[in-house]
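Fair warning: this is a prediction, and the values are worked out from it, not measured in the lab.
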Amino acid sequence: MVKDAVPLGECGRALVVKLRHHGDVLLAAPVLSALRAQGVEVDALVYDDTAPMLEGHPSLSQIHVVGRRWKTQGVLARLSTETALFRRLRARRYDLLVHLSEQPRGAWLARTLGARYSVAPRMPDRGSFWAGSFTHLYPIAPRRHQVELNLDALRRIGLQPDVAVRAVTFVPGQDAERKIEQLIPGPFVHVHPASRWRFKCWPADKNAELIERLSADGMRVVVTAAPDPEERAFVNEILKRTKASVVNLAGQLSIKELGALTARAKLFFGVDSMPMHLAGAMGTPTVALFGPSGELEWGPWNVAHRVIRSSHSCRPCGLDGCGGGKVSECLTFLSVDAVHAAVRELLAK
């Protein structure tokens, strides 16, 4: 037990700050559960577009948002918006602030909200302002899964989270569940081949061949993608290469509906992306391809899965394609045979 443990029994309310992308926010959900299990009321602060990842979470009291587009507002408009947010946060009288990223806003909030205790990742390159903003700093361990890394913030303040609270929870909601049940009756396999970063994607021709094989195996295939034009174009490129009958929902679902869809799937197939993490949260068996990103840090969490990866000695490199060329050979070299076998194996179980 750490000598400077935070007395959580004296902390009535905590603010968890995760100003990152959708998947990052979802993987922070166990922090909410762990704090609530200790009797602490929990709020969250996230970017507005990522709020659906936590909305409806049973351990969450209130969710506050920072607008991605606030920076485009005029000076006076942004000052008014920021002031309103700060007043709402200040009125909540937090006893504990848990900052789960390197975002500078967390340091300012730790200094100004009046929380007695605050914890954030140790960032040696940030200097004394960052270090002096928080009462506790936790180390960023290499090759550690993001769920555990988020929970390390709590370990640093003396809370050893029980295994039961480490599950990632996502709540689609009844409206989304009803819509998907009516839209896609019966069993199916969920394929989400796209990512906002094309260098994390498997080639279109190999995705098409896999879909052909799944269809030949008698499986109904539902394909999804984000509304982003490039992701939808990638799906169209895939579908042009296959004669299989596919339900194409690319760009047509909200995040809540995407969660409801993958919850009903017999299996999820995709790359390292938010929908892959969503499938894990919904308990859907997952086959995931990993290339430049690392499966130890970002792999499917707490769900039956198979990770397909190459033996390239340079991976995971974290680069945007080999040599920065936007194409990752550790993905393009992966065979359809290997992926198809993994899908069949998981479905058989």
Side-chain angles (χ1 to χ4, degrees), residues 19-27 47 49-50 68 101-103 121 123-126 140-146 149 191-211 223-242 250-251 268-280 286-301 305-343:
L19 296 169
R20 293 288 294 168
H21 298 299
H22 292 80
D24 305 276
V25 172
L26 180 61
L27 295 183
Y47 284 124
D49 60 321
T50 68
R68 293 269 193 192
S101 76
E102 74 290 350
Q103 226 277 353
M123 306 290 293
D125 61 330
R126 290 295 177 86
I140 301 178
R143 308 309 305 274
R144 186 160 172 77
H145 198 281
Q146 287 298 307
L149 193 59
V191 174
H192 191 101
S195 166
R196 70 172 68 195
W197 293 288
R198 187 66 176 264
F199 61 87
K200 294 173 70 174
C201 296
W202 205 31
D205 59 332
K206 293 191 174 184
N207 274 289
E209 184 178 344
L210 177 66
I211 290 173
V223 178
T224 60
D228 178 78
E230 290 190 9
E231 290 198 27
R232 298 183 72 171
F234 182 55
V235 168
N236 289 336
E237 184 181 347
I238 292 169
L239 298 184
K240 286 178 182 178
R241 297 168 181 259
T242 177
F268 172 89
F269 166 73
V271 294
D272 174 23
S273 61
M274 179 274 284
M276 181 207 72
H277 298 304
L278 201 55
T286 297
V287 174
L289 308 186
F290 274 79
S293 57
E295 63 275 9
L296 294 182
E297 300 95 327
W298 298 101
W301 181 255
H305 67 273
R306 296 291 183 272
V307 168
I308 311 300
R309 57 189 180 273
S310 78
S311 59
H312 284 70
S313 61
C314 50
R315 70 162 304 274
C317 63
L319 298 179
D320 55 344
C322 298
K326 309 300 181 182
V327 177
S328 304
E329 289 188 359
C330 53
L331 282 172
T332 61
F333 282 20
L334 296 177
S335 72
V336 178
D337 286 343
V339 178
H340 188 206
V343 170

Item to complete: Calculate, to the nearest 0.5 Å, the distance between atoms CZ and CG belonging to Arg144 and Leu296 respectively.
Response: 12.0 Å
Worksheet item: Where the side chain of Ser101 meets the backbone of Gln103, is there a donor-acceptor pair that is under 3.5 Å apart?
Response: yes
Fill in: Flag, side chain of His145 to backbone of Gly299, donor-acceptor distance under 3.5 Å
yes
Practice prompt. Could you pull out the closest heavy-atom pair between Gly280 and Thr286, with the gap in Å?
Written response: N-OG1, 4.3 Å
Worksheet item: Hey, is Arg198 close enough to Glu230 for a salt bridge, meaning N to O under 4.0 Å?
Response: no
Discussion item. Between Cys330 and Arg309, is there a side-chain heavy-atom distance shorter than 4.5 Å?
Written reply: no
Discussion item. Can you tell me how far apart CD (Glu209) and OG (Ser335) are? Round to the nearest 0.5 Å.
Written reply: 9.5 Å
Response to the item:
Taking every heavy atom of His22 against every heavy atom of Met274, the minimum-distance pair comes out as CB-CG, 3.6 Å
Discussion item. I want to check something: taking the side chain as every heavy atom from C-beta on, are Lys200 and Ser293 in contact at a cut-off of under 4.5 Å?
Written reply: yes
Item to complete: Mind checking the CG-OG1 spacing from Leu19 to Thr50? Nearest 0.5 Å is all I need.
Response: 7.5 Å
Worksheet item: When you look at Trp298 and Leu27, which way does the side chain to side chain contact (heavy atoms under 4.5 Å, CB included) test go after all the steps?
Response: CA-CA 9 Å; Trp298 298 101; Leu27 295 183; 4.0 Å; yes
Worksheet item: Do the non-hydrogen side-chain atoms of Asp272 and Ser195 ever get within less than 4.5 Å of each other?
Response: no
Worksheet, complete the sentence: For Cys201 and Trp197, the nearest pair of non-hydrogen atoms, with its separation, is SG-O, 3.9 Å
Discussion item. Could you check whether any side-chain heavy atom of Arg241 comes within less than 4.5 Å of a side-chain heavy atom of Lys206, counting everything from C-beta outward?
Written reply: no
Worksheet entry | Side-chain touch His277/Gln146, heavy atoms, less than 4.5 angstrom | no
Discussion item. Testing the basics here: between Leu210 and Val339, what is the closest heavy-atom pair and its distance to 0.1 Å?
Written reply: CD2-CG1, 3.7 Å
Item to complete: For residues Glu102 and Arg126, determine if any side-chain heavy atom of one lies less than 4.5 Å from a side-chain heavy atom of the other.
Response: yes
Worksheet item: Out of curiosity, Leu334 CG to Trp202 CH2, how far, rounded to the nearest 0.5 Å?
Response: 7.5 Å
Discussion item. Working note: Val271 + Met276, criterion side chain to side chain contact (heavy atoms under 4.5 Å, CB included); need CA distance, chi angles, decisive distance, verdict.
Written reply: CA-CA 7 Å; Val271 294; Met276 181 207 72; over 6 Å; no
Response to the item:
For Val307 and Pro300 the tightest heavy-atom approach is CG2-CD, 3.9 Å
Item to complete: Find the distance between CD (Glu329) and CZ (Arg315) and round it off to the nearest 0.5 Å.
Response: 13.5 Å
Worksheet item: Heavy-atom distance under 4.5 Å between the side chains of Thr332 and Pro203, does that happen here?
Response: yes
Response to the item:
Rounded to the nearest 0.5 angstrom, the CG-CG distance for Leu289 and Asn207 is 7.5 Å
Discussion item. As a quick check of understanding, evaluate salt bridge (Lys or Arg N to Asp or Glu O under 4.0 Å) for Glu297 and Arg143, giving each step before the final call.
Written reply: CA-CA 6 Å; Glu297 300 95 327; Arg143 308 309 305 274; 3.0 Å; yes
Discussion item. In the structure I gave you, are the side-chain heavy atoms of Ile211 and Ile238 within less than 4.5 Å of one another anywhere?
Written reply: yes
Response to the item:
For Arg232 and Ala226 the tightest heavy-atom approach is CG-O, 3.5 Å
